[in-house]
Amino acid sequence: MAMDKNFDATTAEARIVALWDREGAFAAGANKRRDDAFSIMIPPPNVTGSLHMGHAFNNTLQDILVRWHRMRGFDTLWQPGQDHAGIATQMVVERELAKEGKKRTDFTREAFLAKVWEWKAQSGGTIIGQLQRLGCSLDWSRNAFTMSGAPGAPSGEEGNFHDAVIKVFVDMYNKGLIYRGKRLVNWDPHFETAISDLEVENIETDGHMWHFKYPLAGGATYRYIEKDKEGAVIVDEMRDYISIATTRPETMLGDGAVAVHPSDERYAPIVGKLCEIPVGPKEHRRLIPIITDEYPDPLFGSGAVKITGAHDANDYGVAKRSGIPMYRLMDTRAQMRADGAAYAEAAAIAGAVARGERTLSEAEADALNLVPDHLRGLDRYAARKAVIDEITAEGLAVMTVASDPRLGAAAVKPAPATAPGPLGQEVPDQVRDAPVPLVEEKKIMQPFGDRSKVVIEPMLTDQWFVDAEKVVGPALDAVRSGRVKIMPESGEKTYYHWLENIEPWCISRQLWWGHQIPVWYDEDGKMYCAPTETEAQDMALGKRLTRDPDVLDTWFSSGLWPIGTLGWPEQTDELQKYFPTSVLVTGQDILFFWVARMMMMQLAVVDQIPFHHVYLHGLVRDAKGKKMSKSLGNVVDPLEIIDEYGADALRFTNAAMASLGGVLKLDTQRIAGYRNFTTKLWNACRFAEMNGVWEGHATQSAPPAAQATVNRWIIAETARVRETVDAALAEYRFNDAAQALYAFVWGKVCDWYVEFAKPLFDGEDAAETRATMAWVLDQCMVLLHPMMPFITEELWGLTGQRDKLCAHADWPEYGAELVDAEAMREMRWVIGLIEGVRSARAQLRVPVGLKLNMVQLDLDMQGRAALSRNMALVTKLARIASLEEVGSLPKGSITVTVEGGTFGLPLEGVIDIAAERDRLEKTCAKAEKELGGIEGRLRNPKFVASAPDEVVDEARARVLVLTEEMARLRAAITQLDSVA
RNA sequence: GGGCGAUUAGCUCAGUGGUAGAGCGCUUCGUUCACAUCGAAGAUGUCAGCGGUUCAAAUCCGUUAUCGCCCA
């Protein structure tokens, strides 16, 4: 049956996926021929996710490694699974409910979770099919899920991942590595949950800075002196206030102090005194102390900073250091609090605290609602406006003139100094100089929730934390000692930097979808941490318990991915065999989120590293290097790419892009190029088929014993490329492996070997050549299989007798013993001659179809032997009709020089003599230039003395070759001139 | 502000000390039976600038410029 002209990727891919599945080709341990294990855990995609280019890239690399090891006979596992993605999944399901006009809170927690599981059963498997389309050889029978085995999990979700998560929490709690505490956390007012530092994106946005006066208590005054850089006095006045700058006026309500730098002389006279917060009912104005702290920057704003410990991270630090009370102002939706006692009462208590008459416990401070009654219940931005208006109305805003450039766009523009245009009317002085509040227009960094995209509110709340400082040591040591290697190396530096400055990790989330924290409280608030309620109840001796409603950060559970997917805490066979895993392949953007946390957690829990190598890669960008985003419209859908070019082309592109630390720019032109490469391979095999190469062929691990140089040569080239590919893959240089295979398959096999074979199929070497070609093409399929599994599996099935799948083909181990230096040198010479003839013909515009006679002016013994052995190849590929030895070149000949000889193509009257002369001169000049450089080096005695011998020898050899070539060219030029 | 990285052909990128490569694009020619998703031939570089180390620097060191990414 004749092969089609092209590989039909669309139909073949689906068929081959089914074939692999039917054969169980990717089950753990499939094709095992040795005891060494090789295991990779997939970075679990979100259960809500669908395949994007990042996944496609990441999983292509993993699949290459996995297929390579499986073919090499390792006991291989590629573990699949999905992450339950707390916020994202809850969001998706809530959105579904919203379509029916329902809210999460219309359901009980259990009923809502049932809805989530229902959704998961219907839509949670999308990415599995998509990974299969990419050709990923995961062991799907082991598919894991980070919520498997949780209470309420339906049938089919009976795994024990939940047990692992709960066990780890309890263990870490008992070891004192997890604690509950009131700390400032990033609060997402949309999802009404805390999130970790890493889930916050700081984005520069347009903002404003207001300047307000905080009057000194009791009408006190001081002399305020401000100097410029040279020390000259620029302000010297009596003041009864301290000037504060803020970007968040609404938080003034919760101020606990005003801080200045200890070295700031301007405020030295009033440090320790009290000032008044200029908001709220006049009769209940709160007084707060003026304190010193290293945090305020004397050069920024007025140099004085208001301290709102409950709503700002920096202020929190100051408040902690100085024992300043922290008053929470907002509720879970970032609206001003409406709970607790009336403002007058709360303000009185806060006043007593400020005067040092009493202190507050954390809980008492948190219960105190210092939002004035008329602002209660307002959104934070509405409250901001009200605060600003009230202060300004009272005359306590710092004023400036309307033309002050600090006002930005709001400033009145001064009239142009020269040539006012028709519209550039003079702005009257009274308008320019009118007093207005100083509201600076400036860029501020604002925190946004990476999921909700709303402004994050720093909020003082009770949360659970991992005391990361206590578990970071072993994670650092593992990398420092080299037990875990992170690639590229720059990743290690980043890793150190983050871990050395680690902050407590907030792991509680105020969500329903996730692993509920295994802690119960009795009526006195005492905590009982246990794996089950029964065990907690046993500890609590008859007290009535309620469970902590919060769930754990999704990353806490995915931090256990390596052991959790292998059945831990049960001591399974798989755990014994496949843990620690071989390598983790993931994006550098989750180095902290996930990689570092897996390191910390695995080491803390089972005292072992989770993986030996970490391969980090960047973001896949568009062809111009821009991030792919929906708003830019430059998102490339991998499934569309697969539809258009085939999965193999996409995969090969991914491999070719994957240089260590490289930037990933995805260009469809490049994908098209690699699709062409698959076609090239296809057609080489088709050519072989048409020439009976596969007839009677069965898979052979060893190459045939070849006599013909050309066959010995291609066998040697195959051996060399196998060594290159293995060396590259061993170092995760996917791009080098791809490049080597591309150059070999296209540049050596298709461009030369197939062409060389054509004239041999009829001669005495026919049988040997067919056997060699079958073997070489087999090797192409095998070596390309990890990168291009579909077309290679298809070709494998269409050619020869196969005992097993290409996916299970034996990866070759041959190397140096097949490298035939003699054959390689000879074929290099033959190719040089053919290229010389072709180049000369093309440059002198000899018609391609014309077969020429060739004369041999002189040729050394090696050349004569090479030519006689390969004459059929030369005559076919250089289009030579006859060869004859001559004593001198006939008039009007083209000259072709080769190593050890000169040939001529007599073409009197056909060619342009001047053009031929130019060509020879140019070639000669090039050789001369190179020769000059090398001779210059050799003339330097220091070079000869210091450089390694082989470099010097190489230079000397090159001089000989170049000298000889130039002599031949000169002779040819002289000959041309003498005839002309 | 701190950390990490990049700058090589028109474009996208390889290149860890021995005198610079690939793919795409471009130019010319060509449908002889594997392939026009092809073949043959060809042109193309102050390796960002400056300084240093070295017999030798795209490569190592320092510095400047520009551009990224991460963290404040």
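Note: hydrogens, waters and symmetry copies are ignored here, and every other heavy atom, side chains too, is used. Naming: A, B, ... by sequence-line order, numbering from 1 per chain.
- Among the heavy atoms of the strands lying under 4.0 Å from A:Arg686 are primed sugar atoms or P, OP1, OP2 only; no base atom is included.
- Taking the C1' atoms as reference points, B:U7 lies 11 Å from B:G49, given to the whole Å.
- Listed nucleotides: B:A14, B:C35, B:A43. Nearest to the side chain of A:Ser659: B:A14.
- The nearest whole Å value for the distance from the CD atom in A:Glu492 to the C1' atom in B:C4 is 13 Å.
- Of the listed nucleotides (B:C24, B:A41, B:C55), B:C55 has the atom at the smallest distance from the side chain of A:Lys942.
- B:G17 and B:U59: their C1' atoms are spaced 6 Å apart (whole Å).
- By the 30° and 60° cut-offs, the orientation of the rings of A:Tyr742 relative to A:Tyr674 is perpendicular.
- Using a 4.0 Å heavy-atom distance criterion, A:Lys758 is classed as a base contact.
- Side chains of A:Ser659 and A:Asn735: a donor-acceptor N/O pair is absent below 3.5 angstrom, by distance only.
- The partner of B:U53, taking Watson-Crick or G-U wobble pairs whose two distances both stay under 3.5 Å, does not exist in any strand shown.
- For B:C71, neither phosphate oxygen OP1 nor OP2 lies less than 4.0 angstrom from any side-chain nitrogen or oxygen of A:Asn501.
- The partner of B:A43 is absent, by the rule that a Watson-Crick or G-U pair needs both atom distances under 3.5 Å.
- Straight-line distance from the OH atom of A:Tyr495 to the P atom of B:C69: 25 Å, rounded to whole Å.
- Straight-line distance between the C1' atoms of B:C47 and B:A20: roughly 8 Å, to the nearest whole Å.
- Taking 3.5 Å as the limit, the base of B:U12 and the side chain of A:Arg670 contain no donor-acceptor pair of atoms between them.
- For A:Ser839, the listed nucleotide lying nearest its side chain is B:A41; candidates were B:C29, B:A41, B:C55.
- Among the atoms of the strands shown, only primed sugar atoms or phosphate atoms (P, OP1, OP2) are found under 4.0 Å from some heavy atom of A:Asp751.
- Residues A:Glu294 and A:His261 bring a donor and an acceptor atom of their side chains to less than 3.5 Å of each other.
- Closest contact between the side chain of A:Gln843 and the listed nucleotides B:G18, B:A41, B:A34 involves B:A41.
- For the C1' atoms, the distance from B:U19 to B:A58 is 11 Å, rounded to whole Å.
- OP1 and OP2 of B:G23 both lie 4.0 Å or more from every side-chain N or O belonging to A:Gln669.
- No engagement by A:Asp589 is indicated, since no non-hydrogen atom pair under 4.0 Å with the nucleic acid exists.
- Between A:Lys926 atom NZ and B:G45 atom P the separation is 12 Å, expressed in whole Å.
- Between A:Trp555 and A:Trp594, the angle of the ring planes lies from 30° to 60°, which puts this pair in the tilted group.
- With C1' as the reference atom, B:U16 and B:C60 are 9 Å apart, rounded to whole Å.
- If you take OH of A:Tyr645 and P of B:G23, they are 19 Å apart, rounded to a whole angstrom.
- The backbone N or O of A:Thr895 lies less than 3.5 Å from a partner atom in the side chain of A:Glu916, making a donor-acceptor pair.
- For A:Trp746, a side-chain nitrogen or oxygen approaches OP1 or OP2 of B:G39 to under 4.0 Å.
- When each of B:G23, B:A41, B:A34 is scored by its nearest atom to the side-chain atoms of A:Glu835, the top-ranked nucleotide is B:A41.
- Atom CG in A:Leu877 sits 6.0 Å away from atom CZ in A:Phe756 (nearest 0.5 Å).
- With salt bridges taken as basic N to acidic carboxylate O contacts below 4.0 Å, none links A:Arg686 and A:Glu689.
- Within 4.0 Å (heavy atoms only), A:Glu755 reaches at least one base atom of the nucleic acid.
- Summary of the strand contacts: A:Met657 and A:Thr494 both lie near RNA chain B, and taking for each the nucleotide with the nearest heavy atom, the more 5' one is attributed to A:Thr494.
- Here B:G5 is the nucleotide among B:G5, B:G18, B:A41 with the atom lying nearest to any side-chain atom of A:Lys493.
- Comparing A:Leu664 and A:Arg845 along RNA chain B, the residue whose closest nucleotide (by nearest heavy atom) sits nearer the 5' end is A:Leu664.
- Residue contacts for A:Cys685: at a heavy-atom cut-off of 4.0 Å it reaches no nucleic acid atom on any strand shown.
- Taking atom CZ on A:Phe687 and atom C1' on B:C38, their separation rounds to 15 Å, with Å as the unit.
- The residue A:Met445 sits close to a base: some heavy atom pair falls under 4.0 Å.
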Checklist entry - How far apart are the C-alpha atoms of A:Leu681 and A:Thr678, what are their side-chain angles, what is the distance that settles it, and do they pass the side chain to side chain contact (heavy atoms under 4.5 Å, CB included) test? => result CA-CA 5 Å; A:Leu681 174 69; A:Thr678 64; 5.7 Å; no
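- Among the heavy atoms of the strands lying under 4.0 Å from A:Lys680 is at least one base atom, whether or not backbone atoms are also near.
- Atom-to-atom, CG of A:Leu777 to P of B:A34 comes out at 14 Å; the value is rounded to the nearest Å.
- The line from CZ of A:Arg958 to CD1 of A:Ile934 is 6.0 Å long, rounded to the nearest 0.5 Å.
- B:A6 and B:C61 have their P atoms separated by 11 Å, with the value rounded to a whole Å.
- Using atom C1' as the reference point in both B:C24 and B:A43, the two lie 16 Å apart (nearest Å).
- Among the heavy atoms of the strands lying under 4.0 Å from A:Asn202 are primed sugar atoms or P, OP1, OP2 only; no base atom is included.
- Heavy-atom contacts from other residues, nucleotides or ligands closer than 6.0 Å to CD of A:Glu500 number more than 12.
- The base-pairing partner of B:G25, taking Watson-Crick or G-U wobble contacts with both distances under 3.5 Å, does not exist among the strands shown.
- Under the Watson-Crick or G-U wobble criterion, with both distances below 3.5 Å, B:A6 is paired with B:U66.
- In this entry the distance linking CH2 of A:Trp752 with P of B:G39 reads 12 Å, nearest Å.
- Residue-level contact check: A:Phe677 touches neither bases nor backbone, having no heavy atom under 4.0 Å from any strand.
- For the OP1/OP2 pair of B:U32 and a distance below 4.0 Å, the side-chain nitrogens and oxygens of A:Lys876 include no atom meeting the criterion.
- With P as the reference atom, B:U44 and B:G5 are 36 Å apart, rounded to whole Å.
- Note on A:Asn735: only backbone sugar-phosphate atoms sit closer than 4.0 angstrom, heavy atoms only; bases stay farther off.
- Note: CG (A:Asp667) to C1' (B:G23) measures 10 Å, nearest angstrom.
- Ranking B:C70, B:C38, B:U37 by closeness to the A:Phe592 side chain, first place goes to B:C70.
- Looking at heavy-atom distances under 4.0 Å, A:Pro948 makes contact with a base.
- In the set B:A41, B:G18, B:C24, the nucleotide with an atom closest to the side chain of A:Phe943 is B:G18.
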